[in-house]
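Every chain is numbered from 1, with letters handed out A, B, ... down the list of sequences. What you see below is based on every heavy atom in this structure, not just the backbone, and it leaves out hydrogens, waters and symmetry mates.
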Number of protein chains: 2
Amino acid sequence: MSTTTDNLTLNPTKTQSVTVADVSKRAGLSTATVSRVLNNSPLVRDKTRERVLKAMQELGYTANHSARALARRRTDTLGVIFPGIDAGFFSEVLIGANQLAAEHDLHLAVAFARNRPEEAQMVSEYLYGGRVDALILMHLRLDDRFIREAANGPTPLVLIDRPVEDARAVTVRMNNTSGAEQAMSHLLEQGFKRIAVIQGPEGTFDAEERWLGCRNAAAKFGVELDPGLIWRGTFHDRSGRELVSAWLDAGKSLPDAIFALNDPMAIGVLQALNERGLSVPKDVALVGFDDIESARYLGLSTVRSPMRELGRSACQAVIELLGGKGKVPDERILDTELVVRQSTRALV
Amino acid sequence: MSTTTDNLTLNPTKTQSVTVADVSKRAGLSTATVSRVLNNSPLVRDKTRERVLKAMQELGYTANHSARALARRRTDTLGVIFPGIDAGFFSEVLIGANQLAAEHDLHLAVAFARNRPEEAQMVSEYLYGGRVDALILMHLRLDDRFIREAANGPTPLVLIDRPVEDARAVTVRMNNTSGAEQAMSHLLEQGFKRIAVIQGPEGTFDAEERWLGCRNAAAKFGVELDPGLIWRGTFHDRSGRELVSAWLDAGKSLPDAIFALNDPMAIGVLQALNERGLSVPKDVALVGFDDIESARYLGLSTVRSPMRELGRSACQAVIELLGGKGKVPDERILDTELVVRQSTRALV
DNA sequence: ATGAAAGCGCTAACAT
DNA sequence: ATGTTAGCGCTTTCAT
């Protein structure tokens, strides 16, 4: 066994084991040359490069990230900050962002904020602390004024969610409106007349956009939405369940179809129906929005939110910004996709 | 408008706007004092502290992360590396880790590796590059030799998954065996005799542990598992579906109950049954493992994997290691929890 | 093509 | 309680 102590943390010489200086000594060259090799500079003879690489190999050298970042003034790291949201959502965005980031040798610093002040604080720290080269921000609850200010800092900012007027930031979002329109049109095309809509919480950007899409579709088909069938939900499964339960308990008859503006609420509806021995699409057709994993398992027709693409696209924007390749479009709107499953399939 | 260019990336003076030097000048003090304030040193007069804080405020100072990290030899950042796994899993672990990390002012650097070499490469970079103070690693497909070596580096390592013999690393994992035993016992207690088990892929640590739990339960109840009812699955929903479909297509009769060693396979079973107009628990009882979100929606009885706690616990271990509070237990095994839903509930 | 040396922004002895 | 100064490990002019 070695003579070092058992406690992993007790490291008397806390200084990094192998440095450029060590490598340069070993190779009989200067630190500048070593650095050049590290950075793939073309100004090193092949022979010299070999010597350096060999020395690195032998000493087990790995460059110190902080030192490089300090000297180069870049971290090769992207910040990604999420509000405290559904795992199902952020994880997909993260996967997407990471795909592209990895291809460009960028690392991801991820943070979740649980409340607004904490979120604002994190954003500031990331933007001004030189911790990251750019920040991808999902800013559900940060106000526009703050965002505008943040966007004026030294660090490029990419927003995922809603656009902020006059902010020097790129926005990546999805077309909620056309997505809802797709779903609604799908129902109308199938010949459903009495269609109920379970809205999202009032004042939420996505919810409002989706609701607009519903009205657009209705207008396009020249139908009138029954105000009694416009229900206010919360985006949680409970609300879908409770709305339908209450409706049925009141002895009212089911509509032909229900469009819940997100999947959890649609699943809530499904549960309420199941409890009463009712089924989909026999007793009522059902569409959700987002295409969360469970939607597939449950055969729920829905509109796929391009979450992974949102992450990719945000990362793509960052890369372009950092590359400084001239103008970067300041808004990218990704399309949704209608996914038809059993819950709206005409019966045989 | 300002006179600066529109391109966010063109910043001629790329050097950080406000530094400790600026603050110290503004406050009429030395950089050392400013640094002390930054680090909450008790050796500053309140009055002085005020002055420094005021100067920082006025100048809009934010400490540079890389510079601090370089000087202090710590990053206040934890690395978390996942193999390319299910979003449902890593997101929960991440949430758990983040909860604790945030409480201790630690940041998270997250990386996903898509193949083994990439993963090993990342691990090395994180461990030796001084990018993080400690690394939480889910090492599904890294071999033991590599892990042992990695654990001997300068950076504390916490493993999530399976233990590695003789590695100087803390392992956090869950009790797959007792979890499967719980599920199996539950079925046996309900009086089910012919019980089928859908195993996971051969040689996978979790799968093997869970299978052991099945046998333990059988032994405890003094029953013999029918070898014809031990099916080999892949941990994907398709395999559950196909196994049951094939079974039924072959004209064989359903067992009393089916225990799929993870939820996706159980859901696959559910789909195969639904397609044939069979239902749960009427025609067969069903239990899964993991308690993914869909399990709740589908009323699937299952064993809850403590994923979030896994993240928390790993982070807890890291914090203890970094704190250097003496011995840190080198293994933490978290308990699972049986969740009984409709799929095994006796019918009325 | 390679080397010497001056930083990058902050911290931590060591002085006072 | 505050200041001076020498690093932390790497990059980058500027020489040669």
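For A/R73, counting side-chain heavy atoms from C-beta on, the closest listed nucleotide (C/dC8, C/dA4, C/dG9) is C/dC8. Nearest nucleotide to the B/R68 side chain, out of C/dC10, D/dT2, C/dC8: C/dC10. Side-chain proximity of B/S30 to D/dG9, C/dG3, D/dT2: nearest is D/dT2. You'll find that the side chain of B/L29 is closest to D/dT2, out of C/dG3, D/dC10, D/dT2. Picking from D/dT2, D/dG9, C/dT11 the nucleotide with the shortest atom distance to the side chain of B/R72 gives C/dT11.
Side-chain contact between B/D76 and B/D105 is absent, with no heavy atoms from C-beta onward closer than 4.5 Å.
A sub-4.0 Å separation between OP1 or OP2 of C/dC10 and a side-chain N or O of B/Y61 is present. Look at B/T33 and you'll find a side-chain N or O under 4.0 angstrom from OP1 or OP2 of D/dG3.
For B/F90, the ring pair (Phe, Tyr, Trp, His ring centres under 6.0 Å) test picks out B/F82, B/F112, with sequence neighbours left out. Annotation: side chain to side chain donor-acceptor pair (under 3.5 Å) contacts of B/S41 (sequence neighbours excluded): none.
Atom-to-atom, CG of A/N64 to C1' of C/dC8 comes out at 13 Å; the value is rounded to the nearest Å. Note: CG (A/L70) to C1' (D/dG7) measures 12 Å, nearest angstrom. Atom NZ of A/K25 and atom P of C/dG3 are 14 Å apart (whole Å). Straight-line distance from the CE atom of A/M56 to the P atom of D/dG9: 15 Å, rounded to whole Å. If you measure from atom CZ of A/R74 to atom P of C/dC8, you get 19 Å, rounded to the nearest angstrom.
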*asked:* One pair to check against side chain to side chain contact (heavy atoms under 4.5 Å, CB included): B/H139 and B/F146. What are the steps and the verdict?
replied: CA-CA 10 Å; B/H139 59 122; B/F146 177 82; over 6 Å; no
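Near DNA chain D, defined here as any heavy-atom distance below 4.0 Å, the residues from residues 34-52 of chain A are A/S35, A/R36, A/L38, A/N39, listed numerically.
Legend: side chain to side chain donor-acceptor pair (under 3.5 Å) pairs involving residues 142-160 of chain B, not counting sequence neighbours, sorted by first then second residue: B/D144-B/R162, B/N152-B/R168. Applying the side chain to side chain donor-acceptor pair (under 3.5 Å) test to every pair with at least one member in residues 108-119 of chain B, sequence neighbours left out, gives these pairs: B/E119-B/R141.
In this structure, the side chain of A/R131 does not engage the main chain of B/H65 through any donor-acceptor pair within 3.5 Å.
Inspection of the B/Q316 and B/E320 side chains reveals an N or O donor paired with an N or O acceptor under 3.5 Å.
Rounding to the nearest 0.5 Å gives a distance of 8.5 Å between CD1 of A/I160 and CG of A/L137.
Overall bending of the helix from C/dA1-D/dT16 to C/dT16-D/dA1, expressed as the angle between end axes built from five pairs apiece, is 30° (10° steps).
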